[in-house]
Amino acid sequence: MPSPARTFDTEILTADAGGVARAVAFLRAGALVALPTETVYGLAADARNPEAVAAIYTAKGRPAENPLIVHVAGLDAAQALAELPPPAQALARAFWPGPLTLLAPLRADHGLAEAVTAGRSRVALRVPAHPLARAVLQAFGGPVAAPSANPSGRISPTRAAHVLAGLSGRIAAVLDGGACPVGLESTIVGFEGDAPVLLRAGGVSAEALAEALGTPLRAAAATGVLTAPGQLPSHYAPRAPLRLDVTTPAPGEIWIGFGPGCDDAVLSLSVTGDLSEAAARLFEVLHSADALGQPIAVAPVPEEGLGVAINDRLRRAAAPR
Ligand code: AMP
Ligand code: MG
């Protein structure tokens with residue numbers, strides 16, 4: 001896709017009432033604003049404004065068939081847009097506000113721009129927990145479409161500086177809320193009939209979902225009916241090649257450690273082996289390693305809890321492109 005014209009003098013908005021008000025004014029005017037959420041920075045636009053939604057795809061270079069998550073202020077606002085089956089309501093009560101996205105059938109009078117769902121009959125909904133995202137959503141008073149605020153396929157942004165490195169000049173503003181506390185994208189759950197299906201691993205672990213539901217979730221691959229498109233094999237990609245499960249790095253590789261015993265690692269996801277810390281640091285560490293311009297090697301991360309989502313992102317970062 002051609003690079004869009006760099007026409008904005010992207011503003012950096014401060015994390016206060018003035019910054020929130022300016023972000024809301026931009027959204028009302030149909031402009032794009034990057035907002036901090038607890039997962040990653042989102043590239044926000046008025047989800048009811050077709051031009052604003054189209055501008056998200058252009059600014060990111062995002063394929064048109066990759067639909068956007070809609071952010072709302074609470075469960076009532078979500079239910080005004082979609083029919084949430086009972087288990088979806090239970091998950092919403094357990095995890096909203098928070099890093100969980102629910103995919104549910106659109107209501108007839110939803111009012112969203114068609115491109116938000118890429119023409120599909122279901123919409124992905126989330127109530128973010130970050131105080132600045134909440135403040136913007138409450139003051140704006142409508143649904144906000146917001147994919148991650150990075151060029152399509154690149155590493156997700158967990159700081160305002162990451163947003164600017166990828167999108168400066170292409171968006172009106174970024175609201176600077178510091179580092180994102182969860183650091184991984186939301187978990188996506190869809191419903192086949194009423195049965196919950198895990199569509200993307202993310203900031204809420206499958207174990208936590210199973211505990212809230214009283215039963216384990218099926219994985220999307222096991223059903224094949226529901227899909228979350230746009231999850232490409234190569235994604236979150238640093239410029240340099242990346243190898244996984246490395247216990248002995250090769251000469252010249254930047255080694256990213258996890259847990260104790262990685263004394264030679266230049267960077268670490270978590271020195272103590274804490275998966276929440278590793279999730280929060282993952283994209284930041286990848287941005288830092290990428291800036292060094294050498295091949296990257298990552299130590300093994302256990303495939304449990306948040307480790308499932310961390311390994312999912314690492315495998316996509318390592319995939320051939
Ligand atoms: P992100 O790029 O993190 O904002 O996540 C967006 C992802 O959510 C997409 O790539 C899809 O996998 C999924 N998604 C969003 N909206 C829909 C939808 N209407 N139907 C199916 N999947 C969706
Ligand atoms: Mg993304």
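Along the sequence shown, residues carry numbers from 1. Note that ligands are numbered from 1 as they come in the structure, with each ligand's atoms numbered from 1 the same way.
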*Hey, which atoms in ligand 1 end up nearer than 4.0 Å to a heavy atom of Leu103?*
17 (C), 18 (C), 19 (N), 20 (N), 21 (C)

*Listed partners of Glu83 passing side-chain hydrogen bond (donor to acceptor under 3.5 Å, both in side chains), at least two apart*: Arg107

*asked:* For Ser148 and Glu185, which I'm curious about, is there any donor-acceptor pair between the side chains at under 3.5 Å?
replied: no

*Got the closest protein heavy atom to atom 5 (O) of ligand 1, with its distance?*
Arg200 NH1, 3.1 Å

*For Ser205 and Gly305, indicate whether the former's side chain and the latter's backbone hold a donor-acceptor pair under 3.5 Å.*
no

_For atom 8 (O) of ligand 1, what is the closest protein heavy atom, and at what distance to 0.1 Å?_
Ile188 CD1, 3.2 Å

_I'd like to know whether CD of Glu211 has more than 12 heavy-atom contacts from other residues, nucleotides or ligands below 6.0 angstrom._
no

*asked:* Starting from atom 4 (O) of ligand 1, what is the nearest protein heavy atom, named by residue and atom, and what distance separates them?
replied: Pro147 CA, 3.3 Å

*When you check the side-chain N and O atoms of Arg200 and Thr101, is any donor under 3.5 Å from an acceptor?*
no

*Give a yes or no on whether Asp194 atom CG has more than 12 heavy-atom contacts from other residues, nucleotides or ligands under 6.0 Å away.*
yes

*Nearest-neighbour protein heavy atom for atom 19 (N) of ligand 1, which is reported as residue plus atom name and distance*: Arg122 O, 2.7 Å

*Determine, using heavy atoms of Thr227 and all atoms of ligand 1, whether some pair is separated by less than 4.0 Å.*
yes

*asked:* Side chain, backbone, both or neither: which applies to Arg62 and ligand 1 if a contact is any heavy-atom pair less than 4.0 Å apart?
replied: side chain

*Run the numbers for me: atoms of ligand 1, each under 4.0 Å from some heavy atom of Glu185, listed by number.*
3 (O)

*For the pair Thr37 and Arg126, evaluate side-chain hydrogen bond (donor to acceptor under 3.5 Å, both in side chains) and give the outcome as yes or no after the intermediate values.*
CA-CA 11 Å; Thr37 82; Arg126 182 162 99 83; 3.2 Å; yes

*asked:* With a 6.0 Å cut-off (strictly less than), is the heavy-atom count around CD of Glu303, excluding the residue itself, greater than 12?
replied: yes

_Within less than 2.8 Å of the Mg ion (ligand 2): protein N, O or S atom count_ = 1

_Could you identify the single nearest non-hydrogen protein atom to atom 11 (C) of ligand 1 and state the distance to 0.1 Å?_
Pro229 O, 3.0 Å

*Would you check if there is a donor-acceptor pair between the side chains of Thr272 and Asp274 at a distance under 3.5 Å?*
no

_Protein contact to atom 14 (N) of ligand 1 [nearest heavy atom, distance to 0.1 Å]_ = Pro67 CG, 3.8 Å

Donor-acceptor contacts, no H, no angles, side chain residues 63-77, under 3.5 Å, sequence neighbours left out:
from, atom 1, to, atom 2, distance (Å)
Asn66, OD1, Arg62, NH2, 3.1
His71, ND1, Ile69, O, 3.4

_Which residue and heavy atom of the protein sit nearest atom 9 (C) of ligand 1, plus the separation_ = Asn66 OD1, 3.1 Å

*For Arg239, look at atom CZ and say whether over 12 heavy atoms of other residues, nucleotides or ligands are found less than 6.0 Å away.*
no

*Give the numbers and elements of all ligand 1 atoms closer than 4.0 Å to a heavy atom of Ala124.*
15 (C), 16 (N), 17 (C)

*How does Thr101 reach ligand 1, if at all, at less than 4.0 Å between non-hydrogen atoms: by side chain, backbone, both, or neither?*
neither

_salt bridge (charged side-chain N to carboxylate O under 4.0 Å, His left out): pairs with one or both residues in residues 149-168, sequence neighbours excluded_ = Arg159-Glu284

